[in-house]
Amino acid sequence: MNLAKFPRRRYTPYFTPIQKLEHLTEYMGGPQIYIKRDDLLGLTGGGNKTRKLEFLMADALSKGADTIITCGAVQSNHCRLTLAAAVTEGLKCHLVLEQRVPDSYHEHASGNNFLFHLLGVERTHVVEGGSDMMAEMEKVADELTAQGRRTYIVPGGGSNEIGALGYVACAQEILQQSFEMGISFDHIVVTSGSTGTHSGVLTGLMGENAHIPVIGIGINKKKDVQTQNVYNLCCKLCDELDIPKFSKDEVVVFDDYIGEGYSKVTDGMIKAVSLVAKKEAILLDPVYTGKTMDGMLDLIRKGVFKKEEKVLFLHTGGSPSLFAYTDYFWE
Ligand SMILES: *Cc1c(COP(=O)(O)O)cnc(C)c1O
């Protein structure tokens, strides 16, 4: 795959590290656990949206946009990073925030919400849970267009065939690092949310014929729905990249670690976030990577991986939102 043919901005001037989690590996008694530190990507606070935004912002700039519009939940990492990318490029940014949990929006809340303010969002538009987010963003775009602005809409999570190229690039990066380190990974574990990360990594590995299975841990949708959503984006990516489509069987999703729903706290998440902080001094997040780590640890306990196998956990970031959840960790 030749990714160089797609326009790209650069927000991370290095490969993110892959480290072995020695203490966690010893504590669990195997498999050999590694982590890809995408929490250390560029832009404000790092995290997976930075990779997607490299391709999305390049597209926006090529179309002459002066204002970026995107959407997310009230503590959205994606909104923070899209705003940060807009600031970096000297563009304005509007955020449409969905109150997925009733009454969860507080104007002066901490975490990412505080950063929206600090980074100078032009305006936030708060809408009720279940709203048609694309329609809401188009409404904002129409208003701004009427004022003479040139808008560009980044879809939720940056997960379309442009943004997901960032994770195709990440798959290539992992393979190159793996080659240089002399370590061949047997499994890669990723969070499966708006699907850009999962679809991008899987399509990238398939496109390179790497045959490393990808395990997606869901954080909001039922397994069947999520599997289809991931697969749909994989197919679009294959077209974009001009590579053959692969079977839907390659898409593996677990939906056992969601708890009551998106962003709702689970015991497993609290335990996983606390364990990784205490064993490895690495901060996970309550909404995505904490639940994904809970899932991976549970699969380890169930004997899904062999002791000597090498498992790579993709750390997609999110720790700024931890500070909006501190109460749950004091108990
Ligand atoms: C958005 C996000 C994810 C999920 O990635 P998708 O590409 O939306 O599936 C995982 N972790 C963090 C920290 C995120 O912000």
Side-chain angles (χ1 to χ4, degrees), residues 16 35-41 43-56 70-85 98 100 111-113 115 133 154-171 188-204 214-221 225-227 229-234 236-237 251-255 257-258 262-263 269 272-273 276 282-296 313-325:
T16 59
I35 193 166
K36 169 80 170 155
R37 298 293 305 273
D38 269 13
D39 56 319
L40 302 180
L41 285 165
L43 297 176
T44 316
N48 63 343
K49 305 313 179 303
T50 296
R51 285 193 194 269
K52 304 179 188 184
L53 286 160
E54 291 191 333
F55 291 91
L56 289 161
T70 198
C71 66
V74 296
Q75 280 291 340
S76 167
N77 300 305
H78 167 69
C79 285
R80 163 183 35 97
L81 288 168
T82 303
L83 170 58
E98 181 187 5
R100 294 186 197 172
N112 283 314
N113 181 74
L115 294 174
M133 296 307 281
V154 171
S159 286
N160 59 12
E161 61 276 25
I162 301 170
L165 289 173
Y167 271 88
V168 175
C170 180
I188 298 182
V189 177
V190 303
T191 307
S192 198
S194 67
T195 77
T197 305
H198 188 172
S199 303
V201 170
L202 178 58
T203 305
V214 177
I215 296 174
I217 308 287
I219 47 80
N220 52 356
K221 302 221 161 76
V225 176
Q226 186 68 13
T227 303
N229 289 350
V230 171
Y231 187 61
N232 291 347
L233 185 52
C234 288
K236 284 189 198 167
L237 270 172
V251 180
V252 176
V253 172
F254 287 85
D255 64 1
Y257 309 100
I258 300 170
Y262 176 80
S263 80
M269 178 280 288
V273 171
V276 172
I282 291 174
L283 300 182
L284 300 174
D285 84 284
V287 181
Y288 300 96
T289 55
K291 286 184 178 175
T292 305
M293 181 59 77
D294 176 35
M296 185 178 83
F313 179 91
L314 181 57
H315 188 343
T316 44
S319 66
S321 74
L322 257 185
F323 302 98
Y325 284 77

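In what follows, every heavy atom counts, from backbone to side chain, and hydrogens, waters and symmetry copies are set aside. Order of appearance sets the numbers: ligands from 1, and atoms from 1 within every ligand.
Between the side chain of Thr70 and the backbone N or O of Val154, at least one donor-acceptor pair lies under 3.5 Å. In this structure a side-chain-to-backbone donor-acceptor pair under 3.5 Å is missing from Lys49 to Asn77.
Looking only at atom types and distance, the side chain of Ser321 has no donor-acceptor partner in the side chain of Asn112 under 3.5 Å away.
Residue-ligand proximity, Gly318 to ligand 1, at heavy-atom distances under 4.0 Å covers atoms 13 (C). Close approach of ligand 1 to Asn77 (heavy-atom distance below 4.0 Å) involves ligand atoms 13 (C), 14 (C), 15 (O). Per-residue contacts place Gly196 under 4.0 angstrom from the following atoms of ligand 1 (heavy atoms of the residue considered): 7 (O). In summary, the atoms of ligand 1 found under 4.0 Å from a heavy atom of Thr197, numbered by their order in the structure, are 5 (O), 6 (P), 7 (O). Interface atoms of ligand 1 facing Thr195, defined by a heavy-atom separation under 4.0 Å, are 6 (P), 8 (O), 9 (O). Near Lys52, with a cut-off below 4.0 Å to any heavy atom, the atoms of ligand 1 are 6 (P), 7 (O), 8 (O).
Considering Val251, Val190, Val189 as possible partners of Val214, the one that fulfils the side chain to side chain contact (heavy atoms under 4.5 Å, CB included) test is Val190.
Contact check for Gln75 versus Pro286: no side-chain heavy atoms found under the 4.5 Å cut-off. For the pair Thr191/Thr197, no side-chain contact is recorded, criterion being any heavy-atom separation below 4.5 Å from C-beta on. When side chains are defined from C-beta on, Leu43 does not count as touching Arg80, because their heavy atoms never get closer than 4.5 Å.
Distances from atom 4 (C) of ligand 1 to the heavy atoms of Ile217, Asn48, Thr316, Asn112 show the closest one on Asn48. In this comparison of Lys49, His315, His78, Gln75, the heavy atom closest to atom 2 (C) of ligand 1 sits on Lys49.
The closest approach between Gly47 and ligand 1 stays at or above 4.0 Å for every heavy atom of the residue.
By the 30° and 60° cut-offs, the orientation of the rings of His315 relative to Phe313 is perpendicular.
The nearest heavy-atom contact from the protein to atom 9 (O) of ligand 1 is Gly193 N, 2.7 Å. Scanning the protein heavy atoms around atom 8 (O) of ligand 1, the nearest turns out to be Ser194 OG, 2.5 Å.
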